[in-house]
There are 2 protein chains.
Amino acid sequence: MTVIESIPVKSTVVDLCKTRPLHPRPDGQDRYTISEVSALSGLTAHTLRWYERIGLMPHVDRSHTGQRRFTNKDLDWLAFVSKLRLTGMPVADMVRYAELVREGEHTFDARQELLEQTRRDVITRMAELQDTLAVLDHKIDFYADARRASERA
Amino acid sequence: MTVIESIPVKSTVVDLCKTRPLHPRPDGQDRYTISEVSALSGLTAHTLRWYERIGLMPHVDRSHTGQRRFTNKDLDWLAFVSKLRLTGMPVADMVRYAELVREGEHTFDARQELLEQTRRDVITRMAELQDTLAVLDHKIDFYADARRASERA
DNA sequence: CGCTTGCTTGGAGTGCACTCCAACGTTCTA
DNA sequence: TAGAACGTTGGAGTGCACTCCAAGCAAGCG
């Protein structure tokens with residue numbers, strides 16, 4: 001009951017590059033409206049515009065009337081950004097990373113360092129969560145025991 | 001290099017109840033000022049007052065002039081609350097839990113359910129973090145490879 | 001063509017969890 | 001007993017990450 005479930009560790013080798021449809025449309029016909037991207041990415045249209053404004057998106061292509069048309073590349077970037085958000089990385093740091101990407105290949109080292117720091121933060125956070133699990137289980141057991149005792153009475 | 005370090009799983013049996021000084025002062029002489037509690041708990045004095053105001057602390061004892069005097073019991077509660085914070089539980093939910101505690105033993109079931117939901121959330125979050133780790137490692141490896149390639153050149 | 005739905009903008013608003021302020025009273029140390 | 005350091009309050013302010021608004025074009029359908 002108290003046993004800590006081992007988190008199923010995904011196979012480390014990335015084997016999903018071909019197994020799921022990476023892009024709804026093939027390159028060349030990849031011009032998505034903001035609401036399509038919203039549905040695909042899980043981010044609201046508001047958030048997509050805001051990401052662009054703060055520099056977390058490279059400038060998005062526009063139709064002849066000025067409406068946004070996102071590409072497959074934009075979709076990939078948003079997927080990566082969403083992963084970074086899940087790590088708990090602050091938006092300001094993600095903007096910093098986006099700037100480094102814009103600056104070109106000479107920023108590879110800085111980008112690697114940023115990601116390695118993020119990785120360390122994730123490891124730390126996982127250890128914290130593991131600790132809280134022990135406390136939670138301890139309390140849950142206490143209440144479960146109390147229930148059993150009262151049922152016997 | 002890409003291998004996911006297994007998070008050291010703490011022994012589940014709680015063996016720390018006696019091994020570290022649980023309370024700086026023995027019961028009976030346990031009257032701590034707010035700044036002492038701040039130092040002991042890692043929470044600021046501001047936050048301690050705020051916790052009391054919103055009902056996340058039971059009402060704290062006062063000196064004859066109205067200054068707060070915290071007890072060992074208060075310290076224990078704060079330690080538990082800090083653990084709950086680390087789970088990512090919103091403050092509003094922690095206040096709900098505190099209310100249940102104030103209402104007495106007939107809320108054991110509700111408290112257990114609240115903690116079990118929190119436990120599920122923690123497990124989910126850990127899985128998310130594990131996923132981000134795979135993406136992070138993938139990118140880090142890419143940059144490391146690029147560096148090795150440029151060094152050979 | 002008209003209608004509905006969608007997209008545009010700058011700027012303002014929201015919710016959370018603190019964090020700080022002013023103006024004062026208390027406690028400790030020399 | 002002076003002075004520094006600490007404590008009190010209600011209420012206002014901060015930083016983050018969105019989230020929404022109004023007013024006005026744009027796009028797709030019968």
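Residue numbers begin at 1 in each chain, while the letters A, B, ... track the order of the sequences. Fair warning: this is a prediction, and the values are worked out from it, not measured in the lab.
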query: After noting the C-alpha distance and the side-chain angles of A/Q112 and B/R147, does the key distance pass the side chain to side chain donor-acceptor pair (under 3.5 Å) rule?
result: CA-CA 10 Å; A/Q112 185 177 347; B/R147 175 199 304 251; 3.3 Å; yes
query: Can we say B/E103 and B/R111 salt-bridge, meaning some charged N sits less than 4.0 Å from an Asp/Glu carboxylate O?
result: no
message: Using whole Å, what does the distance between atom P of nucleotide C/dT9 and atom CD1 of A/I54 come to?
response: 15 Å
statement: Taking for B/M89 and for B/H46 the nucleotide of DNA chain C with the nearest heavy atom, the one nearer the 5' end belongs to B/M89
Presence of A/T65 side-chain N/O under 4.0 Å of D/dC25 phosphate oxygens OP1/OP2: no
- line: note: A/E36, atom CD; D/dG28, atom C1'; distance rounded to Å ~ 13 Å
- prompt: If we ignore angles and hydrogens, is there a donor and acceptor under 3.5 Å between the side chains of A/Y32 and A/D74?
  reply: no
- prompt: Can you find a side chain N or O atom of A/T33 that sits less than 4.0 Å from OP1 or OP2 on C/dG6?
  reply: no
- prompt: Does C/dA17 have OP1 or OP2 sitting under 4.0 Å from an N or O in the side chain of B/T47?
  reply: no
message: Check this one for me: any side-chain N or O of A/Y51 less than 4.0 Å away from OP1 or OP2 of D/dC18?
response: yes
query: Do A/D145 and A/R148 meet the salt-bridge criterion of a basic N to acidic O distance under 4.0 Å?
result: yes
- line: Checking D/dA27, D/dC18, C/dC18 against the side chain of A/S63 (C-beta onward), the nearest is D/dA27
message: If you assign B/R49 and B/A92 each to the DNA chain C nucleotide with the nearest heavy atom, which residue ends up on the more 5' nucleotide?
response: B/A92
field: Polar side chain donor-acceptor pair, A/T44 to A/T47, under 3.5 angstrom
entry: yes
field: Separation of D/dG28 C1' from A/Q67 CD (nearest whole Å)
entry: 12 Å
- request: Measure from the side chain of B/W50, starting at C-beta and using heavy atoms only, and say which of C/dC18, D/dT8, D/dA17 lies closest.
  value: C/dC18
- request: Starting at atom CG of B/L43, determine the distance to atom P of C/dA17, rounded to an integer number of angstrom.
  value: 14 Å
Distance, rounded to the nearest Å, where A/R69 contributes CZ and D/dA27 contributes C1': 9 Å
- request: Establish, with yes or no, whether the OP1 or OP2 oxygen of D/dG7 is under 4.0 angstrom from a side-chain nitrogen or oxygen of B/R62.
  value: no
statement: Here the distance between atom P of D/dA27 and atom OH of A/Y32, to the nearest Å, is 20 Å
Below 4.0 Å: OP1/OP2 of C/dC7 and any side-chain N or O of A/S35: yes
query: What is the distance, rounded to the nearest whole Å, between atom CG of B/L48 and atom P of C/dC20?
result: 14 Å
statement: B/R85 has its side chain closest, among C/dC18, C/dT26, C/dT8, to C/dC18
message: Using a strict threshold of under 4.0 Å (side-chain N to carboxylate O), is an ion pair present between A/D61 and A/R31?
response: yes
task: Identify whether any heavy atom of B/R68 sits under 4.0 Å from a base atom; if not, whether one sits that close to sugar-phosphate; answer base, sugar-phosphate or nothing.
output: sugar-phosphate
task: Describe the nucleic acid contact of A/R53 in one word from base, sugar-phosphate, nothing, applying a heavy-atom distance below 4.0 Å.
output: base
Rounded distance in Å - CG (A/D93) to P (D/dG15): 16 Å
